[in-house]
Amino acid sequence: MSRIFSGVQPTGDLHLGNYLGAIRNFVGLQDDHECIYCVVDMHAITVWQDPARLGPHTREVASAFLASGIDPKTSIIFNQSRVSAHAELAWVFNCVARVGWLSRMTQFKEKAGKHRENASVGLYVYPNLMAADILAYKATHVPVGEDQKQHLELTRDIAIKFNNDFDTECFPVVEPLIFGEATRVMSLRDGTKKMSKSDPSEYSRINLTDGADDIANKIRKAKTDPGELPGLESLGEDGQRVSKDAVAERPEAFNLLSIYAALSAQTMPATLEQFAGQQFSAFKGELVDLSVDKLGPIGSEMQRLMADPGHVDGILADGGERAAALAEPVIREVHEIVGFLK
Ligand code: TYM
C-alpha cells in the first residue's frame, strides 16, 4: 500500500481551487491508502503572518479537512510545526538542493516579485521544506493542484541526488497525483489568472466558508463572454479534455464549465454536451444551485468545527504524535547515512 502525503497552508480564506484541486481528492484516497494530511504552518510564515491569526487559520484548514470527509481515525491530520522531523530533514535538504534549482522555481519568482532581495530566505528554500514534509514519511504519492507540479519535480530531484550522493536507496521518487476536472481553477474575474487567496478581489474566488448568498452573488457576477456555451467541438484530440486553443479563446467559459463538471462529478464531455448552445444566464443558475448544494454543508460544518477549537486541537495533537512516530525512524536512518554521531 502506497503512502500519501499532502499539505495546505493556513494563510486564511481557503477557496474552491484548494477544494477541487486538492482537498476533495484527499478524501477519496483514504479508503485504500495510508494518508497523512498536514496543515503547513511553517510554510505559511515564509511570508508575514499575524501570530494572533495563525492559530485560527490552522484550525480553519483542519476543519476543512474534517468537513470534507477526511476521517482523523484512519488518516493522520496534524500541523507541521508539531513534528520537528520536518525542520530537521529540511536542513539536510538545504545542503543537497542546489541554488540554481531553487532560482528556477516560478512560485518564488511570483511571490518575491520585484523585491527579491527583500524576500525571506525561508521563501527561497520553501521547496526544500516541502520535500522534507513528504520524504520524512517516505510518502510515494502526493495529491496536489497543477500549480505544485514544479515543486514536486524538485522533490524528485532532491530524492535522486540524496540517494546518489550517499549511495543509498533511502528515499522513494514521488509521484504527483493531479486529477479531477478542475486541477487549475481560475479567477472568476479573469479566466487567465489562477484562483488565489492573494487576489485582492473577493469576487475572484468562492471561499469554503461563504454562505449561499455570497456563492450566488459571486457566480452571477463572474465574468463571461458574449457567446453561447461551447459544445463537444472544443475537445482536443483525446476527446476528453478541452483543447488548449479553445481554452485560450474562452477562458472564463471553460473555467465555469470545469467547476460545474468537478462539482457534479461528471466528465467534461458530458458537461459540454449538457450545456452546448445555452445562454450563460441559464447555466449560471444551475451552477449556483449545484455549488450551494455541494459547498453549503461543508461551509456550515467548518463553522461548527471552528467554534469548537478544543476538539480540533485534540485531533491535531493526536495526529502530531502519530506522525512523529512514523518520521522518527526515517530521521534516524538519515542521520546514520549522513554520518552524524548519535
Ligand atoms: P497551497 O496552500 O497554496 O494550496 C493547497 C492545495 O490547493 C491547490 N490549489 C489549487 N488547485 C486548483 N486550482 C487552484 N486555483 C488552486 N490553488 C491552490 C494546490 O495545488 C495545493 O495542492 N506548497 C503547497 C503546500 C505544501 C505541500 C507540501 C503540498 C507544503 N508541503 C507537501 C504537498 C506536499 C501550497 O502552497 O499549497
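Atoms considered below: every heavy atom in the structure, side chains included; atoms not considered: hydrogens, waters and symmetry mates. Counting starts at 1 for both ligands and their atoms, following the listed order.
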Flag side-chain contact, heavy atom, 4.5 Å: T209 against M306: yes

Quick note on ligand 1: atoms under 4.0 Å from a heavy atom of V142 include exactly 33 (C), 34 (C)

CG of D13 to CD1 of I206, rounded to nearest 0.5 Å, is 13.0 Å

Residue-level breakdown please: for D133 versus ligand 1, do any non-hydrogen atoms fall below 4.0 Å on the side chain, on the backbone, on both, or on neither? side chain

Note: K149-E153 ion pair, threshold 4.0 Å (strictly below): no

Indicate, as side chain, backbone, both or neither, the part of M186 found under 4.0 angstrom from ligand 1 when only non-hydrogen atoms are considered. neither

Just to be sure I read this right, does ligand 1 sit under 4.0 Å from the backbone of V185, its side chain, both, or neither, counting only heavy atoms? both

Among all residues two or more places apart in sequence or in another chain, which pass the ring pair (Phe, Tyr, Trp, His ring centres under 6.0 Å) test with Y37? F26

Are any of the side-chain nitrogens in E175 or R156 under 4.0 Å away from the carboxylate oxygens of its partner? yes

Which atoms of ligand 1 sit under 4.0 Å from any heavy atom of H43? 30 (C), 31 (N)

Counting heavy atoms under 4.0 Å, the part of V40 that contacts ligand 1 is side chain

Location of contacts on R184 toward ligand 1, heavy atoms closer than 4.0 Å: backbone

With a 4.0 Å cut-off, would you call D318 and R322 a salt bridge? yes

Measure the distance from atom 25 (C) of ligand 1 to every protein heavy atom, then report the residue, atom name and distance (to 0.1 Å) of the closest one. G7 O, 3.4 Å

Checking E286 now: which residues fulfil side-chain contact (heavy atoms from CB on, under 4.5 Å) with it, not counting sequence neighbours? Y260, Q274, F275

D31 atom CG, neighbour heavy-atom count above 12 within 6.0 Å: yes

Atom indices of ligand 1, in the order listed, that fall short of 4.0 Å to a heavy atom of A22: 6 (C), 7 (O), 22 (O)

Ignoring hydrogens, just give me the one of D147, I259, N18 whose non-hydrogen atom is nearest atom 7 (O) of ligand 1. N18

Using a heavy-atom cut-off of under 4.0 Å, does the side chain or the backbone of T183 touch ligand 1, or both, or neither? backbone

